[in-house]
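To find a chain, count down the sequence lines: A is the first, B the second, and so on, and within it residues start at 1. Keep in mind that the numbers below use all heavy atoms, side chains included, and drop hydrogens, waters and symmetry copies.
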Amino acid sequence: MIDLKLLRDDPDRVRESQRRRGEDPSVVDRLLDADELRRAAETSFAALRGEQNALSKHIGHLQGRLKKAADGEKEQAQAELDAAMAGTSDLAERVRAADARRVAAETDATALLSQLSNVIDPHAPVGGEDDFVLVELVGTPRDFAAEGITVRDHVEIGEALGAIDIERGAKVSGSRFYYLTGIGALLEFALVNHAIALACGNGFTPVIPPALVKPSAMEGTGFLGQASENVYRLEADDMYLVGTAEVPLAAYHSDEILEATSLPRRYVGYSPCFRREAGSGGRDTRGIFRVHWFDKVEMFTYSHPDDAENEHARLLGWEKQYFDSLEIPYRVIDVASGDLGASAARKFDIEAWVPSQERYREVTSTSNCTEFQARRLRIRMRDEDGVRPLATLNGTLVAITRTIVALLENHQQADGSVRVPVALRPYLGGREVLTPL
RNA sequence: GGAGGAUUCGCCUAGUGGCCUAGGGCGCACGCUUGGAAAGCGUGUUGGGGGAAACUCCUCAGGGGUUCGAAUCCCCUAUCCUCCGCCA
């Protein structure tokens with residue numbers, strides 16, 4: 001959720017942010033009204049409750065005196081007590097009513113507040129999915145024709161290597177499922193170990209988080225809003241399968257206050273990711289590019305708000321470093337306002353070159369969620385100025401399936417084998433090439 | 001899944017309906033003391049809402065209830081511990 005003070009002080013900024021996202025700016029005005037009501041209800045309740053507290057205390061004193069009173073004084077003390085008790089029921093009734101009004105006003109305001117997406121970073125490009133800004137182009141796609149190679153896609157290559165089994169994935173689990181077998185399975189471990197090594201070398205704490213979470217964790221990270229149709233829910237237990245380790249890593253410190261001196265806190269999580277892919281229609285139906293489940297190594301930082309922008313650059317830097325080491329051509333894009341999730345103020349994607357499609361496709365994504373998630377999850381920091389929300393950021397180091405797609409296709413060779421990039425070899429027992437069975 | 005027990009301000013703990021709607025210890029911070037330190041003494045030390053401020057309200061795991069009044073009584077839920085059953 002956003003800062004109510006910002007909403008009061010500069011509602012235009014929030015309205016503009018909503019507009020750029022293509023979301024409803026009128027929520028801002030309804031929330032301002034609801035907030036006004038909430039504060040009024042709060043004030044009148046506090047006044048009545050104060051009255052009741054004072055009276056209660058007085059009654060307590062009188063009862064104490066009655067107990068200790070000598071026989072001759074008992075009648076007098078009793079009379080005073082009776083006088084004080086007169087009207088207490090009526091007061092209690094008014095307190096109850098005021099409290100009910102307060103709770104109702106609070107519920108209304110909170111509901112509206114939770115509808116607002118994060119305030120967009122003014123530097124983020126405005127527009128929809130196609131209005132991204134190209135930040136950087138790294139590497140050059142190979143000229144396969146010049147090499148005399150007819151490009152094969154990852155399904156062909158992967159099946160020849162005995163690395164990917166899509167048919168049996170469908171047999172057992174349905175469409176958009178797969179098995180990684182043999183060298184495919186080993187490839188996952190190699191990619192994961194390589195990623196974890198990079199992260200640990202940069203001060204990240206490795207974490208294996210739960211992939212099944214309570215509604216509050218899902219809600220707090222902002223995935224139950226417009227993204228909710230893509231989330232798997234286990235009805236019988238009211239639990240959710242996470243779509244990314246971001247969820248359990250963000251909720252990890254929920255309801256906690258961290259010392260500002262302990263920031264930034266960097267965690268790198270390895271977890272399965274489950275996505276319903278509702279609304280993705282018939283897109284990317286071939287292969288393992290878009291699947292209902294995959295494993296991923298995700299970076300997550302709890303940061304001082306003033307350092308969030310720099311941390312965002314660092315996360316992107318580590319993502320680039322990882323893809324550089326895989327020797328895969330890619331581009332970096334600054335994602336446009338309409339394509340940001342509810343929590344992100346700004347987002348950069350790395351898109352790897354996919355030879356069989358002759359275009360760049362998303363393989364990683366890093367978001368600066370500023371204080372938005374932290375407010376929802378009640379994660380704060382304490383410094384000399386007191387206690388306030390901190391900033392959270394996340395970034396993919398490696399999403400296994402899409403990286404395997406890019407790896408197999410970009411490093412394919414004329415004889416059907418696949419060259420292993422140098423950085424990955426130590427994690428594959430020194431293998432330099434993957435050969436068909 | 002069954003049976004018990006627990007949950008209070010960072011930690012330990014007092015508190016079984018009002019006369020403290022939360023007391024004490026440890027730790028921490030500041031001050032006094034000292035040549036300096038320790039000890040000692042004093043003060044402060046959960047978080048949140050409203051208010052320009054004075055101040056005030058909420059917060060004893062969470063939610064409901066009883067009552068003029070609940071940390072305290074009743075109900076539900078969560079988490080942890082012990083035992084039993086099942087199990088990777």
Side-chain angles (χ1 to χ4, degrees), chain A residues 1-9 31-70 73-74 76-114 208 210-220 234 236-240 248 251-262 272 371 374-390:
Chain A
M1 64 183 79
I2 69 160
D3 186 359
L4 263 178
K5 282 199 190 71
L6 171 69
L7 191 87
R8 285 181 211 144
D9 297 348
L31 180 51
L32 282 170
D33 290 345
D35 182 47
E36 193 86 20
L37 280 174
R38 188 199 114 245
R39 282 146 78 197
E42 168 76 37
T43 303
S44 68
F45 166 75
L48 278 168
R49 191 58 199 247
E51 204 180 309
Q52 189 183 39
N53 284 347
L55 188 54
S56 251
K57 206 164 196 170
H58 181 54
I59 290 170
H61 276 95
L62 291 180
Q63 276 197 333
R65 204 192 303 165
L66 179 60
K67 269 179 212 157
K68 285 182 227 147
E73 294 161 344
K74 277 220 190 304
Q76 168 71 17
Q78 185 64 53
E80 275 185 54
L81 184 57
D82 289 347
M85 291 291 279
T88 49
S89 294
D90 178 58
L91 179 57
E93 194 43 55
R94 282 186 292 146
V95 168
R96 251 193 294 279
D99 192 27
R101 279 194 298 275
R102 182 187 61 118
V103 169
E106 231 164 54
T107 307
D108 286 352
T110 305
L112 285 166
L113 184 58
S114 71
I208 310 288
L212 202 50
V213 300
K214 299 197 280 188
S216 58
M218 216 40 135
E219 175 80 56
L234 303 192
D237 301 284
D238 197 17
M239 297 279 280
Y240 292 89
Y252 186 63
H253 283 303
S254 53
D255 289 306
E256 293 181 25
I257 298 172
L258 308 178
E259 290 303 325
T261 51
S262 74
E371 296 104 297
R375 274 202 197 84
R376 289 188 166 207
L377 292 165
R378 296 163 308 278
I379 308 165
R380 292 159 294 172
M381 59 169 202
R382 189 194 333 263
D383 63 9
E384 57 280 0
D385 295 331
V387 173
R388 65 207 144 103
L390 45 69

Salt-bridge present (A:D35, A:R38; N to O < 4.0 Å):
yes
Between B:G10 and B:G5, how far is it from one P atom to the other, in whole Å?
27 Å
Over how many whole Å does the gap from A:K57 atom NZ to B:C68 atom P extend?
21 Å
Begin with the C-alpha distance, continue with both residues' side-chain angles, and end with the deciding distance and a verdict on side chain to side chain contact (heavy atoms under 4.5 Å, CB included) for A:K214 and A:M239.
CA-CA 5 Å; A:K214 299 197 280 188; A:M239 297 279 280; 4.1 Å; yes
Taking atom P in both B:A88 and B:G4, compute the distance separating them and give it to the nearest angstrom.
29 Å
Apply side chain to side chain contact (heavy atoms under 4.5 Å, CB included) to the pair A:L212 and A:D237, showing each step before the final yes or no.
CA-CA 10 Å; A:L212 202 50; A:D237 301 284; over 6 Å; no
Step-by-step salt bridge (charged side-chain N to carboxylate O under 4.0 Å, His left out) determination, A:E42 to A:R39
CA-CA 5 Å; A:E42 168 76 37; A:R39 282 146 78 197; over 6 Å; no
Heavy atoms from C-beta onward define the side chain here; which of B:C57, B:G18, B:G50 lies closest to that of A:F45?
B:C57
Atom-to-atom span, CD1 of A:I59 to P of B:U67 - whole angstrom
15 Å
Side-chain N or O of A:R38 closer than 4.0 Å to phosphate OP1/OP2 of B:G49:
no
Taking only the P atom of each, what is the distance from B:G44 to B:U59 in whole angstrom?
24 Å
Spacing of A:R378 atom CZ relative to B:G49 atom C1', expressed in whole Å:
15 Å
Closest heavy-atom pair, A:V213 versus A:P248, reported as atoms and distance to 0.1 Å, is CG1-CB, 4.5 Å
Per-nucleotide pairing state of RNA chain B [Watson-Crick or G-U, under 3.5 Å; [ ] pseudoknot-crossing; | other strand]
((((((((.[[[[.)..(....]]]]((((((.......)))))).((((....))))..[[[[[..)....]]]]])))))))....
Looking at every heavy atom in both A:I257 and A:M381, which two are closest together, and how far apart are they?
CG2-C, 4.2 Å
Atom-to-atom span, CZ of A:R49 to C1' of B:A70 - whole angstrom
10 Å
Rounded P spacing from B:A3 to B:C76 in Å
12 Å
I'd like the C1' distance from B:U72 over to B:C20, given in whole Å.
15 Å
Polar atoms only, N or O, under 3.5 Å: list the protein pairs with nucleotides 44-48 of chain B and their distances.
unit_1, atom_1, unit_2, atom_2, d
B:G47, OP1, A:R382, NH1, 2.7
B:G47, O3', A:R380, NH1, 3.0
B:G47, O2', A:R380, NH1, 3.1

Atom-pair distance (CZ on A:R102; P on B:U59), nearest Å
8 Å
Atom C1', compared across B:U33 and B:G40: separation rounded to whole Å:
8 Å
Residue mapping more 5' on RNA chain B - nearest nucleotide basis, A:S89 or A:T43
A:T43
Heavy atoms from C-beta onward define the side chain here; which of B:G51, B:G18, B:G69 lies closest to that of A:R39?
B:G51
Between P on B:G69 and CE on A:M85, what's the gap in Å once rounded to a whole number?
9 Å
Passes salt bridge (charged side-chain N to carboxylate O under 4.0 Å, His left out), A:R96 versus A:D99? Steps please.
CA-CA 5 Å; A:R96 251 193 294 279; A:D99 192 27; over 6 Å; no
Under 4.0 Å, heavy atoms only, any strand: does A:E106 hit a base, just the sugar-phosphate, or nothing?
nothing
Can you see which heavy atom on A:Y240 is nearest to which on A:P215, and at what distance?
CE1-CA, 3.6 Å
Return yes when atom CD of A:E256 has more than 12 non-hydrogen atoms of other residues, nucleotides or ligands closer than 6.0 Å, and no otherwise.
yes
Do any side-chain nitrogens or oxygens of A:R8 fall under 4.0 Å of OP1 or OP2 in B:G50?
yes
Pairs involving residues 46-55 of chain A, ordered by first then second residue, that meet side chain to side chain donor-acceptor pair (under 3.5 Å) (sequence neighbours left out):
A:R49-A:Q52
Atom CG of A:D255 and atom P of B:A61: how far apart are they, to the nearest Å?
15 Å
Taking only the P atom of each, what is the distance from B:G15 to B:G27 in whole angstrom?
23 Å
In whole Å, what is the span from the CD atom of A:E36 to the P atom of B:G50?
12 Å
Classify the nucleic acid contact of A:N53 as base, sugar-phosphate or nothing, counting any heavy atom under 4.0 Å across all strands shown.
base
Run the side chain to side chain contact (heavy atoms under 4.5 Å, CB included) test on A:D108 and A:L37 for me, step by step, so that the C-alpha distance in whole Å, both residues' side-chain angles and the decisive distance to 0.1 Å come before the verdict.
CA-CA 10 Å; A:D108 286 352; A:L37 280 174; over 6 Å; no
Integer angstrom distance from the P of B:G42 to that of B:C26
12 Å
